[in-house]
Every structure is written in structure tokens, then in C-alpha cells.
Peer 1: 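Please read through the structure below; I'll follow up with questions.
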Amino acid sequence: MITESVRPVTNCRVCGASDWQDVVSFGDVPLANAFLEPADSYEDEPAYPLGVISCRSCRLMSVTHVVDPEVMYRTYSYVTSDSETITRHMEFIATTCGERVGLAAGDLVVELGSNTGQQLAAFARHGARVLGVDPARNLAAVANERGVHTLPEFFTETTAGDVHRSHGRARLILGRHVFAHIDDLAGVLAGVRALLAPDGVFAIEVPYAMDLLEKYAFDTIYHEHLSYFLVRTLDTLFARYGLKLLDVERLPVHGGSLLVLVGRPEAGRPVTGTVGELIAAEERAELGSDAAYREFARGVRVVREELSALVRSLLAEGNRVAGYGASAKGTTILNICGLGADEMAYCTDTTALKQGKVLPGTHIPVRSPGHARNDPPDVYLMLAWNYADEILRKEADFLRSGGRFILPFPKPAVISADTAR
Ligand code: TYD
Ligand code: ZN
């Protein structure tokens, strides 16, 4: 463990309390997106403690340790996928948020963690003025090249003030799968308040803790994901920082997410019924009690053991196994299940930045889909299982020729041509 760039969580970043329930602990694990060049030895590879705790006061689930964002995000290898699923989803976000906010041509949309600018490009097609803010210098450069103006910065109150002066107020501030990565929620929400138009909307998309708890999908647990939110926790958070939770919608993306709309209380926008419905569902599931998190920990242990045993038994029968999708979720599964280069022939991934590198921790080589097609395994472990439908359609030939997939959650299962939907 490298001590100067990591610190243990003490007070809850939502409510300030410090009464934590220990939920799961996975030991020291490398960062999920820290792909490496192939090397003879990986002696100096950094690893940091990975585990989850639950705040007994607001029921925020938090990682146990926060790694310095400068280490995680200044150069970043996660590039927004251009898969059918995500392209369709981004169009959905542009339409839905546009309608909910009542965006007019020329209104400013600012996105935090805007990556290569794909989502903002969809808003620009709808007539909005767009601005991205993303600390990853390599990705901000790509976005600027495609014409989506992007500041290579972390979003803070200072950045928000600069944007306000240069661009005016934002009708919509968007954060897709970035809010759960933020430690200083007070700072970011102060920035949102400084930049948001009086009747503007702050829209975020976060993994939903309910999905995590229901599916035992422990692969969303990695250092970048500091927070796993329930709706009741979000409600507490926004009220504490002078904002109001207006609407929540459950979405299937990234294994189960929430689209959350937030406004200024004084704007008087109505609160939809789904907010109360989901808070009631969380109460019915007794997610305020320690027992729910003990049950989650038990489920995680079972899936982890079953998945690792399933791969090992397929190997023992003489099968060659490879990973499908070098996602952050995937590198987490492999590290946590102890599946490495001895077990997995390679991992295939469509992201050019990842190809030719090796996975963090396990050092499994990443190969392009073309390379994989010329040398297919007998069985693929589906690491990008959140795209399972799309991938099974795309890999129909692999299945037809006798290939199989392992789907990890909620219970490890083998899929062949006979069982594929
Ligand atoms: P993703 O689920 O978007 O995110 P995370 O890294 O947060 O878990 O990652 C999906 C990965 O899977 C990404 O590296 C691209 C890869 N992928 C493929 O290789 N083939 C595919 O058909 C799809 C849909 C994704
Ligand atoms: Zn709390």
C-alpha cells in the first residue's frame, strides 16, 4: 500500500456522522483502470485497501479508503463506450433531460466528467450550447479535437465561478457516473449552486445501491466509486446543501443506475411520486438495518466462491477461458476472485487505449476483438455483463460454433447457443 496517496474514510461525506458498519473487505487491490504496459516484473505496482462500510445514520455505502483523485484521474483510460447500448442511452439522456428542464436553443449545458464529449455532442445536436469539465487531460484533448469545448479541470466552486463569468449560468448541469467518484460533495454542490440558473436542473446518474444489494454485483466496488447511494441518502444530501431532490428513475445502464434530477428549492419545481415510492421500497427492504448489509456480505462471499470455482472446474475439464470486456468492473471481478494470467488466456476489449496493455493486478493481456476472433477461447467470462444482450447478439457465431459465456451475477451461470435468449 502506498500511504501518501490514500486516506481512510472517517466522517460520512453525506451526513458527517462517524458510526460505520463494516460490510465487505477485499484487501489491497490495484486501481481498476490502471492498465500497465507488459513487463517482466510488476513489483512496484501500487495497491490500495478496498472495502465498503455503511453509515448507520444516512446509510451511505462508502469505500473504506479514498485514493488521491490526482492519481486516479489525470490520465484516464476509461473512454466512454460507443456501444449501441450507450449511444442509445445518451440520446435518451439528451431527450429526457432536455424535456424535463425545458431546454431552449442556445441554453448552456455543462457536464462534469464529460470524458470524450460524446454525451455533450448529443446535446449540441439538440441545439444546446455545451461545455465539458473533465480532469483527464488526455480525454479533454480528444473532446476539444472533436469540437466539444472541454476544460481539463476538476469541477470545484472556483471552476464553477470561472465558467459562470465566461459562459453565464447553466440551465442544465449533468454528471453521468461521476458523482459517485467525488469525495468533496460540499465543494461540488457549492459549485453547482454557483453555476446553476435559478430554474436550472442538476442531473446525475449514479449506480443505485439497491441494485448492488439485490444483485450482489460487487464488481462496482472499486476505488473510483466512493459512494453507493440509496434515494433516502440522496434526499438527505441535497437538503443538507441547499438543493432539492426532484425526481429519480431506475435505469438498467451499468448494471442498475438512478437518473436523479435536482433543483433549487425556491424554484418550486414539483417533486415526482417516484422519490417517495423508492424511499418506501428501501424502507420495506429494511435497508436502514445492519442485517441487510450482513446479508449482502454473505451473498458476495457466495458469488465470489461460486464464480471462482466455476472457472476452475471449466479449466480442469480442459477448456480455455478468456475475459470479455476489460471493464473496470471486470478487472475488479478478476482481482477479487483471484483469477489471473494462469487461468485467463487473455481479455478482449474494443478500447484501443487498453489493447496491448495488461490488466491491473492480474496482468492478463488485453487483445482486440479481431485478434480474439482468430484465436477464440472455449468459454468467455462476461466481464462487461451490463452489455450482455448486445454482446450475445454480436457473438452469435461464437455461440453457434459451440462457444459458451459465463454470466457472473446474480448467480454465476453458463450460457450456450441453446440457452442464449
Ligand atoms: P463499461 O461497462 O462501460 O464500464 P466500467 O469500466 O465502468 O465497468 O466498460 C465496458 C468495457 O467493455 C469497455 O472497456 C469496452 C468493453 N466492451 C467490449 O470490449 N465489447 C463490447 O461489445 C462492449 C459493449 C464493451
Ligand atoms: Zn451518513
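Numbering of ligands and ligand atoms starts at 1, following listing order. Excluded from the calculations below are hydrogen atoms, water molecules and symmetry mates; all remaining heavy atoms, backbone and side chain alike, are included.
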Peer 1: Which protein non-hydrogen atom lies closest to atom 8 (O) of ligand 1, naming both residue and atom, and how far is it?
Peer 2: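 Ranking protein heavy atoms by distance from atom 8 (O) of ligand 1, first comes K329 NZ, 2.9 Å.
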Peer 1: When you measure from the side chain of E390 to the backbone of T85, do you find a donor-acceptor pair of N or O atoms at a distance under 3.5 Å?
Peer 2: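 Looks like yes, one N/O pair under 3.5 Å.
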Peer 1: What about A328: any of its N or O atoms under 3.5 Å from an N or O on ligand 1?
Peer 2: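 Yes, A328 has an N/O under 3.5 Å of an N/O on ligand 1.
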Peer 1: Does ligand 1 have any atom sitting under 4.0 Å from a heavy atom of K354?
Peer 2: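 Flag set, K354 near ligand 1.
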Peer 1: Which class fits the ring pair F218 and F409: parallel under 30°, tilted 30 to 60°, perpendicular over 60°?
Peer 2: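 Perpendicular.
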Peer 1: Nearest protein heavy-atom contact for atom 2 (O) of ligand 1: which residue, which atom, what distance?
Peer 2: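 Result: N386 ND2, 2.8 Å.
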Peer 1: May I ask you to identify the nearest protein heavy atom to atom 18 (C) of ligand 1, giving residue, atom name and distance to one decimal place in Å?
Peer 2: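 Residue, atom and distance for the closest contact: T350 OG1, 3.4 Å.
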Peer 1: Under a 4.0 angstrom heavy-atom cut-off, which atoms of ligand 1 come close to A384?
Peer 2: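 Matching atoms, with element in brackets: 12 (O).
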Peer 1: How far is atom 9 (O) of ligand 1 from its nearest protein heavy atom, and which residue and atom name does that atom have?
Peer 2: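 Of the protein heavy atoms, S327 CB, 3.4 Å lies nearest.
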Peer 1: Quick one: does Y324 get an N or O within less than 3.5 Å of an N or O on ligand 1?
Peer 2: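 For ligand 1, there is no N or O atom that lies under 3.5 Å from one belonging to Y324.
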Peer 1: Is there a side-chain contact between V14 and L185, using heavy atoms and a 4.5 Å cut-off?
Peer 2: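 When only atoms from C-beta onward are counted, L185 and V14 do touch, with a gap below 4.5 Å.
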Peer 1: Would you say that I86 contacts H254 through its side chain, given a criterion of any heavy-atom pair below 4.5 Å between the two side chains?
Peer 2: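 Side chain of I86 against side chain of H254, heavy atoms only: contact under 4.5 Å found.
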Peer 1: Check whether any N or O atom of Y78, backbone or side chain, sits under 3.5 Å from an N or O atom of ligand 1, and answer yes or no.
Peer 2: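 Looking only at distances, the answer is yes, because the N/O contact criterion of under 3.5 Å is met.
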Peer 1: Using heavy-atom distances, let me know which of Q355, K394, E390 sits nearest atom 21 (C) of ligand 1.
Peer 2: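 That would be K394.
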Peer 1: Heavy atoms, side chains only, cut-off 4.5 Å: are P135 and R74 in contact?
Peer 2: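 They are in side-chain contact.
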Peer 1: Below 4.0 Å from any atom of ligand 1, is there a heavy atom belonging to Y222?
Peer 2: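 Yes.
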Peer 1: If we only count N/O pairs under 3.5 Å, is S83 in contact with ligand 1?
Peer 2: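 Among all N and O atoms of S83, none is under 3.5 Å from an N or O of ligand 1.
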